[in-house]
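Worksheet: the structure to be examined is printed underneath.
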Amino acid sequence: MKIVIAEKPSVARELAKVFGANQKKAGYIEGKGYSFTWAFGHLLQLAPPQDYGFYGWKQQNLPMLPQKFKLAIRKIKTKDGMVEDPAVRKQLDVIKMLFDECTEIIVATDAGREGELIFRYIYYYLKCKKPFKRLWISSQTDEAIKGGFRNLKPGTDYDTLFNSAHCRSESDWLVGMNATQALSISAGNKSVLSLGRVQTPTLAMICSRYLESKNFVPEIYFQVAIQLSKEGQLFRAISTVNFKSKEAAQAILDQVLDLANGHSLGGHIKSVEAKAKKEPPPLLHDLSSLQQEANRKKGYTADQTLGILQNLYESKLVSYPRTGSRFIGDDVFATVPDLIAKFTNHPQFGKQATFLTTQKLNKRSVNAKKVTDHHAVLPTGENAGYLSEDKQAVYDMVVGRMLEAFHKECLKETTKIIITSGTDFVANGTVIQSAGWRSVFNDDDDEKKDEDNATLPKVIKDENLDITNKAILEKQTKPKPLYTEATLLKALETCGKDIEDEELRYAMKESGLGTPATRASIIETLIKREYIGREKKNLVPSKKGLAVYDVVKDKKIAQAELTGQWEKRLEEIRSGASVKDFKAEIADYTKTITQELLAAGTSLYNVLKEV
DNA sequence: GCAAGGTC
């Protein structure tokens, strides 16, 4: 008997199906000489400080540097405090029973660092000695699964991957647990002041943006606007330069040759420039982009969207939600035409789905190399039936995006007209010539272009037009907006760096803060600690959050770059570098940050009393 | 009472 262990039940079921195994038992599926079982993500975690004798939160315990880390069954919160999760305990018993009676283990956890760690923690916790092989596939189609089983890798091929995962896990514990206790203790031990490699840089981003905005001094400036008429069709143009004073703007306004002051044909067309623009469809959704859209359009929090999607996934309506990929492989793409055909009767999208069934599909979102553990979020095509309002909304975002992604480019024509009347004025216009993918939701660029004319009349160079109106516009410079959950999620992907280019952003994914599966919970943690709060859609730091930020802002633990530095070292470990050096550096850093925080937190003491 | 990571 061989046992196959997957990261989650859905994958185990899929594998069993391909093998034709169908005897359902408690916690596994049996058949054809195999047993298919599963974890539920991490069943085991690094044991808490008290398991090493560090009782209470005391300065003399710090820094806590366990000689050898222990593993403990994942805990859940109950009214009696933290207790072992009974479902986890039960599943571990099943896995132990299967490990004991099997001849070989096939590791089918997700093909990545954490997937490896999930299995190894179970294997070592159960003190298992059975041989194991690794299934390494990045797509769940029958073909990919069969191919993967024909091509199982020796388990030891992934020892270095485990090493890097293990280092990540222990390092986060060392830095996070010690820094948290150190700051909490030195600030008077009144409340939990948590710190960590991911949450603290995230807090820093929110605080620094808030302070930047609060301290922003707006500058007033003036523009001159004119309205022109071409055979009765009116359009607006704005001065090409801004003016610091109202007087300067007034002087320019006075020079405008408008009708009211007896000038006809006072606007001279200096140039007309028309450009065709192609806008490719957006990529398919990954979890983060979906959370951003749901926050923007419906105001859902990242956590709510994740919950809704998980629900849709469990109802088998959408594919795996915690994905970081916005692409699908060619094998999945082959199933897309049938999938689209399932939505031809959809009340909102039916027309576009029907149209697409007759078209060659856009392949922008098809790239097997960019599919990591999981592909982009797609509907499964199962009949949805009645859904609650929020589920329907998120489901429609998934379906709608699928139709957009495989749709035609949107073709636009942008026009720029320069008009002279005393000074130069510019009028911009954009006309959609072929909506393409934009016809799915029928909404144009949300916020953009309040100064754009939707359409401009046809004018030619050196033509003269009447100026029917003129005015001075008073404007102010604006600070960068506060973070919303949508903009924060986007910023976390690139460590707070503003990168608009979609392809470039993608290349930076590896060095982002947190992972798709954890970002919602990072935001929730900061809220639970009362570091930040929600004000409408904005994430706003509290006094407490700002006080913590003030203590840590110049330290490494508050820098997003820390994750980048770790990732570089972890990748070296994965390709065979020694773990000893990295562990020593982490231990050193743990000692340093603990000392620093034990000294620094006293400044928080008084602030927290006021809070 | 703590991290970050996974998932029901």
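Lettering follows sequence order; numbering is per chain, from 1. Nothing here was measured: the structure is a model prediction, and the numbers come from that model.
Around the CD atom of A/Gln50, the shell of radius 6.0 Å holds more than 12 heavy atoms that belong to other residues, nucleotides or ligands.
A close approach under 4.0 Å does not occur between any side-chain nitrogen or oxygen of A/Gln45 and OP1 or OP2 of B/dA3. Look at A/Thr515 and you won't find any side-chain N or O under 4.0 angstrom from OP1 or OP2 of B/dG5. Regarding contacts with the backbone of B/dA4, every side-chain N or O of A/Arg113 stays at 4.0 angstrom or more from both OP1 and OP2. The side chain of A/Lys528 places no N or O atom within less than 4.0 Å of a non-bridging phosphate oxygen (OP1 or OP2) of B/dA3. Here A/Gln199 reaches the OP1 or OP2 of B/dA3: one of its side-chain N or O atoms lies under 4.0 Å away. Look at A/Arg529 and you'll find a side-chain N or O under 4.0 angstrom from OP1 or OP2 of B/dA3.
Within 4.0 Å (heavy atoms only), A/Ser194 reaches sugar-phosphate atoms of the nucleic acid but no base atom.
The distance between atom CG of A/Leu65 and atom P of B/dA3, rounded to the nearest whole Å, is 18 Å. In this structure, CG of A/Leu174 is placed 10 Å from C1' of B/dA3, rounded to the nearest angstrom.
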Ring pair (Phe, Tyr, Trp, His ring centres under 6.0 Å) assessment of A/Tyr123 paired with A/Phe162
CA-CA 12 Å; A/Tyr123 186 79; A/Phe162 163 63; 9.8 Å; no
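A heavy-atom distance below 4.0 Å to DNA chain B is reached by none of the residues of residues 568-589 of chain A.
Taking the six-membered ring where the residue is Trp, the centroids of A/Tyr125 and A/Tyr121 are separated by 6.0 Å or more.
Taking A/Tyr589 as the reference, nothing meets the side chain to side chain donor-acceptor pair (under 3.5 Å) condition, with sequence neighbours excluded.
The distance from atom CG of A/Leu283 to atom CZ of A/Phe327, rounded to the nearest 0.5 Å, is 4.5 Å. We find the NZ-CG distance between A/Lys490 and A/Asn295 to be 13.0 Å, quoted to the nearest 0.5 Å.
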